[in-house]
2 protein chains.
Amino acid sequence: MATRRTAVSKSAKPDPSPLSRPVESGDIVEVVDTRFLQSLLGYNARRAALAVIEVFLQRMAPYGLRPVEFSVLSVILHNPGVTSRQLCTALNLLPPNLVGLIQDLQARGLISKHPHPHDGRAFGLHPTAQGKALMVQAEATAQTLEAEQLERLTPAQRKTLLQLLQKIYL
Amino acid sequence: MATRRTAVSKSAKPDPSPLSRPVESGDIVEVVDTRFLQSLLGYNARRAALAVIEVFLQRMAPYGLRPVEFSVLSVILHNPGVTSRQLCTALNLLPPNLVGLIQDLQARGLISKHPHPHDGRAFGLHPTAQGKALMVQAEATAQTLEAEQLERLTPAQRKTLLQLLQKIYL
DNA sequence: TATTGTTATACTCTATAACTATA
DNA sequence: TATAGTTATAGAGTATAACAATA
């Protein structure tokens, strides 16, 4: 296993700056080749999502909103009267994980629960004035962030990217 | 049953102004409008990633590989001698979270640790014959899954999607 | 002094079973 | 019998601080 194969680094570009270290031993990896993973949709989608969400977390911290809370509030804002069950279906959440979230948003005065007109088991969720005001700002911040994240893409590419992603999960 | 249905719902197409929509009573939501979230990259990337990974989990269960284990093994397979630190950098993992993973893969006889040729602190990670055999199958399964997931996309669209995603996180 | 690998640990996220009250 | 909301809890995933050995 000593000096058999040269390094695996035959990545897209040839090594631009050979360091002062000899490159003959096959046991040393200089440039990690991740091309196989980069050919997989799941890997790329996950890496991209995490990169976006990392910045999202920072920008939404002033509003005290994590991604899930932002999503829930946004759906309630645009669908006043929506039920918990509908939220779970729309956002792919599990009911038990939504309970604490709803209670927290209610305790913060951002949403309110009203009896459902036709179903005694359910509640309609509505944004409060405070919740509306917060989300107007939060959604504007999200759109600003969006523009930054997609800076390197043309408008056509941005539209294409979103459409193709939706073809995967919708 | 139908007392009054001032629903907020329409098909997701005709209304060109998603924001600033005059909602009157809106106590009953028939179709949940998620168009705002669907305009955000992070939301779409995350939903797509979760959809892909859900099937990935099922297909990789026979190999006993979760996504992270698959990624780690794949990088080791294509970069024999890679160190833990390099794995962390390449896959955006934190060192403490990799320790147990490496130990587990080693205990399963899929990888082996060898002293690093030039750095006494580090170990070079190598796939065993068993690990290679497993990953040849696992990567083939991943590629089959990939073809299924991207079924609705043309070859050009597939290439475009991966390239655009990499523009986000690379 | 900085870095690699490691331990311990805490916090978040996600998943499952089971209960209640209504339909 | 089925569904909406809830409770409790377990498991996976992710995070930080701190330490020993080596550079």
Side-chain angles (χ1 to χ4, degrees), chain A residues 19-21 28-29 32 42 46-47 49-51 53-54 56-58 60-61 64-72 76 81-107 111 113-125, chain B residues 1-3 28-29 32 42 46-47 49-51 53-54 56-58 60-61 64-72 76 81-107 111 113-125:
Chain A
L19 301 178
S20 55
R21 186 173 299 174
I28 296 181
V29 175
V32 178
R46 183 171 150 76
R47 290 294 303 265
L50 290 175
I53 290 172
E54 183 181 357
F56 188 91
L57 283 168
Q58 301 169 2
M60 289 298 160
L65 296 179
R66 292 167 301 163
V68 185
E69 293 165 333
F70 176 90
S71 300
V72 167
I76 293 175
V82 69
T83 67
S84 291
R85 178 65 52 168
Q86 287 178 311
L87 272 175
C88 287
T89 301
L91 299 178
N92 201 27
L93 302 174
L94 291 173
N97 300 329
L98 188 60
V99 174
L101 220 69
I102 295 296
Q103 289 175 347
D104 178 62
L105 294 176
Q106 195 178 12
I111 64 172
K113 291 167 76 169
H114 299 289
H116 192 280
H118 298 82
D119 191 334
R121 302 167 299 181
F123 295 95
L125 302 172
Chain B
M1 169 188 271
T3 311
I28 295 182
V29 175
V32 178
R46 183 171 150 76
R47 289 296 301 265
L50 289 175
I53 290 172
E54 183 181 357
F56 188 91
L57 283 169
Q58 301 169 2
M60 290 298 160
L65 296 180
R66 293 167 300 163
V68 185
E69 294 165 333
F70 177 89
S71 300
V72 167
I76 294 175
V82 68
T83 67
S84 290
R85 179 63 55 167
Q86 287 178 312
L87 273 174
C88 287
T89 302
L91 299 178
N92 201 27
L93 301 174
L94 291 173
N97 299 329
L98 189 59
V99 174
L101 221 69
I102 295 296
Q103 289 175 346
D104 179 60
L105 294 177
Q106 195 178 11
I111 64 171
K113 291 167 76 169
H114 299 288
H116 192 279
H118 297 83
D119 191 334
R121 302 168 299 180
F123 296 93
L125 302 172

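In what follows, chains carry the letters A, B, and so on, assigned in the order in which the sequence lines appear, proteins first and then strands, with residues in each chain numbered from 1.
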query: Within the structure, does a side-chain N or O atom of A:K113 lie under 4.0 Å from either OP1 or OP2 of D:dT6?
result: yes
- prompt: Going by modelled atom types, is there a donor-acceptor pair between the base of D:dA4 and the side chain of A:D119 at under 3.5 Å?
  reply: no
query: Taking the nucleotide of DNA chain C with the closest heavy atom to each, which residue, A:P96 or B:G124, is nearer the 5' end?
result: B:G124
query: What is the distance from NE2 of A:H118 to P of C:dT22, rounded to the nearest Å?
result: 18 Å
- line: A:H116 atom NE2 is separated from D:dT6 atom P, nearest whole Å, by 14 Å
task: Answer yes or no: does a side-chain N or O of A:Q86 lie under 4.0 Å from OP1 or OP2 of D:dG5?
output: no
query: Just how far, in rounded Å, is P of D:dT14 from CG of B:L93?
result: 8 Å
- request: Scan B:H114, B:H116, B:K113 and name whichever one has a side chain to side chain contact (heavy atoms under 4.5 Å, CB included) with B:L125.
  value: B:K113
message: Rounded to whole Å, how long is the line connecting atom CZ of B:R66 with atom C1' of C:dA15?
response: 15 Å
query: Are side-chain heavy atoms of B:L101 and B:R66 found at a separation under 4.5 Å?
result: yes
- prompt: Does B:R121 put a side-chain nitrogen or oxygen below 4.0 Å from OP1 or OP2 of C:dA2?
  reply: no
- request: Could you state the atom-to-atom distance from CD1 of A:I102 to C1' of D:dT7 in whole Å?
  value: 16 Å
- prompt: What is the distance, rounded to the nearest whole Å, between atom CD of A:Q103 and atom P of D:dT6?
  reply: 6 Å
- request: Spell out yes or no: do the side chain of B:R85 and the base of C:dT4 have one donor N/O and one acceptor N/O closer than 3.5 Å?
  value: no
- request: Could you tell me the separation between the CG atom of A:N97 and the P atom of D:dA10, rounded to a whole number of Å?
  value: 15 Å
message: With heavy-atom distances below 4.5 Å as the criterion, would you say the side chains of B:E54 and B:L50 are in contact?
response: no
field: Length of the line joining B:L98:CG and D:dA15:C1', which is rounded to integer Å
entry: 15 Å
statement: Ranking C:dT7, D:dT7, D:dA4 by distance to the side chain of A:V99, first place goes to D:dT7
field: Selected nucleotide, minimal atom distance to A:R46 side chain, candidates D:dT14, C:dG5, D:dG5
entry: D:dT14
- prompt: Mind checking whether A:I102 and A:L87 have side chains closer than 4.5 Å, heavy atoms only?
  reply: yes
field: Side-chain donor or acceptor of B:Q86 paired with backbone N/O of A:V29 under 3.5 Å
entry: yes
